[in-house]
Amino acid sequence: MRKSSNNPADLNDIQQFLYHEARLLDEQRWEEWNDLYLEDAEYWVPAAADQPDPHNHVSLIYETGLLRAVRVKRYRHPNAFSLQPKPRSVHLVSNVILDSFDKNTSEYCVNSRFVMLQYRREQQDVFAGAYRHRLRVVKEGFKIAAKRVDLLNCDAPLENILIYL
Amino acid sequence: MQHYTDAQLADLIRRDAVHKKVYTDPDIFELELARIWNRAWIYVGHDSQVKQPGDYFATSIGKQPVVMTRHRDGKVHVLFNRCSHKGAQVVGDTCGNLPQLRCSYHGYVFDTDGALIHVPNAEGYDGVDFGKGKPGSDMRRVARVDSYHGLVFASLDAAGPDLKTWLGGAAASIDNLVERSPQGRIEIAGGCFRYLHDSNWKMFVENLNDAMHPMVVHQSSSGTAKRVFDERLQEGDPLPFELEMLAPFTNNYDFFEKMGLTAWDYGHSVTGGKFSIHSAYSPIPGYMEALVEKYGEQKAREILAVNRHNTVVYPSFTLKGAITSIRVVKPVAVDKTVIESWVFRQVGAPEELFRRSVTYCNLINSHANLVGPDDYEAYHRLQHGLQTQDGNEWVSQHRYLGQDELDADGARHAVGTSDMVFRHQFDAWKDYMVTAA
């Protein structure tokens, strides 16, 4: 997609935004990360490949503002035992493609691939998959209106996923 | 492999404690597979997973691959998933429909009841003890299959009590699960989580009726949810499902004490009864009306008044009636266990009830949520703490010892936080493990 009056951002702006989101997670700046999201934005990790919706099937994570606020606050809780010792992460975002721009909602659909390495207590886990972001153009740049994370092995027997993908 | 005599096995279980080897010794784990998992009634699946002839669902009993099939006469079979020829798994996917089961190695074909029906180049078997119609040439069926309200269980042991007798008082939890449908019918729907734990299977099974842990283990999720919702919800806002679900985990000790604990033969047990952490949920519009239409007002009230919390059908199956979900225990190794969570739809109930069940499972049973990982952490620390050689070989189960009550029907009762349930599970464990030799 080329930059034009109908399409005010360019790929570089969007990539920088996705990298910024990944960086906030890796630096454990949870509150700032949550501020990237619109209050009613869905953060969704389906539990099945090609899962059509979050209502008729279980999901690894399905959160809007209230539950995200709980999770973000819990990250700082002194007795969140599964976070002691603290998990660490590296999120790599790649293969970024602008799928579409909707003028009416001022939203981009962005497709990308990710790898997330989670490390905690001598164990490193690798998660990989696809991101689908809906990014709304706002005064200060973008806000996330929705994020869907399709984990490659979403239906495998897995141990804990402790950090947002 | 270290061989345990009956006396040595019996010595691992005392009234007030069990030896830590029951959780840590790989040889004990192998014996458990042989003597518990190969003998008890083990949950296989629900018959709604194999509705049509040819439908199959591949799963496991202990570590053995099996496949549940629907034959063309309507009967449900559970077959060992092994070709009678060279031993390859015949069914390779988890579920689907196959009119015949064809081995992918040499193309031997079996009917959905396990009978060998086609061998390529069959004249090679003339005059020998293998081939179509010859004994031992079929895919083997497990020794016994039975179902209760569509929940299919199998036992690899031809002897032993029938399923209904074996379930005892735990059967009432299944009755209630199904009665909660305005059509008296449940169906598997909404998929499954498979949560891998690095701990012994018994730690999960015990935890389901452990009422001393929620207020400690889940304070960071339940307690935080209460605070965040308090801050953000305005007066008069409808209470979200999510808060109703998370908040009761940090109820006080008195609540869990009074919730009560009941146990029956073969290691089964239940927490709650009159009330539980699930009993204060808001009514779902249209649900009570649908139940009243089917059962009448009084019976509908009685059905919803049953507030069993977690029912454990030892060793493989646990259920929550109010949530319409089950968890299935899959032992993998002495320190490795997969817990599957499945959600049912109450046929004829408002869709909102199903969505509440889905939401509950997302919040509590997913391996990416805020609740399950803290349970996982507790089991992990048990598994590792028990590696110490500090002179303390025993795991305590002293709480409220000697205060159980036995009723006329043979059920044992205790306060909710009693260790009775653990003593009771290990009584059953000992019966399986020691009497088998």
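Quick note on labels: first sequence line is chain A, next is B, and so on, each numbered from 1.
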Cation over ring face, A:Arg71 and A:Tyr164, 6.0 Å, 45°: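 Because its charged atom sits under 6.0 Å from the ring centre and within 45° of the axis, A:Arg71 does stack over A:Tyr164.
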
Cation over ring face, A:Lys143 and A:Tyr37, 6.0 Å, 45°: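 No cation-pi geometry.
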
What part of [X] gets within 4.5 angstrom of chain A, counting heavy atoms only: side chain, backbone, both, or neither?
{"X": "B:Tyr195", "result": "both"}
{"X": "B:His218", "result": "neither"}
{"X": "B:Leu363", "result": "side chain"}
{"X": "B:Asp375", "result": "neither"}
{"X": "B:Gln219", "result": "both"}

Side chain to side chain contact (heavy atoms under 4.5 Å, CB included) partner of A:Gln15, chosen from A:Asp13, A:Leu18, A:Leu11: A:Leu11

Residue among B:Val343, B:Val347, B:Thr359 satisfying side chain to side chain contact (heavy atoms under 4.5 Å, CB included) with B:Phe354: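 Passing option: B:Val343.
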
Can you tell me which portion of [X] sits under 4.5 Å from chain B's heavy atoms? Options are side chain, backbone, both or neither.
{"X": "A:Gln51", "result": "neither"}
{"X": "A:Ala69", "result": "both"}
{"X": "A:Arg76", "result": "neither"}
{"X": "A:Glu39", "result": "side chain"}
{"X": "A:His77", "result": "side chain"}

Choice from A:Ile61, A:Ile163, A:Leu83, A:Leu66 maximising heavy atom contacts with chain B below 4.5 Å: A:Leu66

Most contacts with chain B, counted as non-hydrogen pairs under 4.5 angstrom, among A:Ile161, A:Asn160, A:Val70: A:Asn160

Pair A:His91 and A:Phe114, ring centroids less than 6.0 Å apart: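 They do not qualify: ring centres at least 6.0 Å apart.
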
NZ/NE/NH1/NH2 to OD/OE distance under 4.0 Å, A:Arg134 and A:Glu107: yes

For B:Trp37, the option from B:Tyr43, B:Phe29, B:Trp201 that meets ring-ring contact (aromatic ring centres under 6.0 Å, His included):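 Only one of B:Tyr43, B:Phe29, B:Trp201 forms a ring-ring contact (aromatic ring centres under 6.0 Å, His included) with B:Trp37, namely B:Trp201.
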
Interface residue of largest heavy-atom contact number with chain A, from B:Glu340, B:Glu242, B:Glu351, B:His380, under 4.5 Å: B:His380

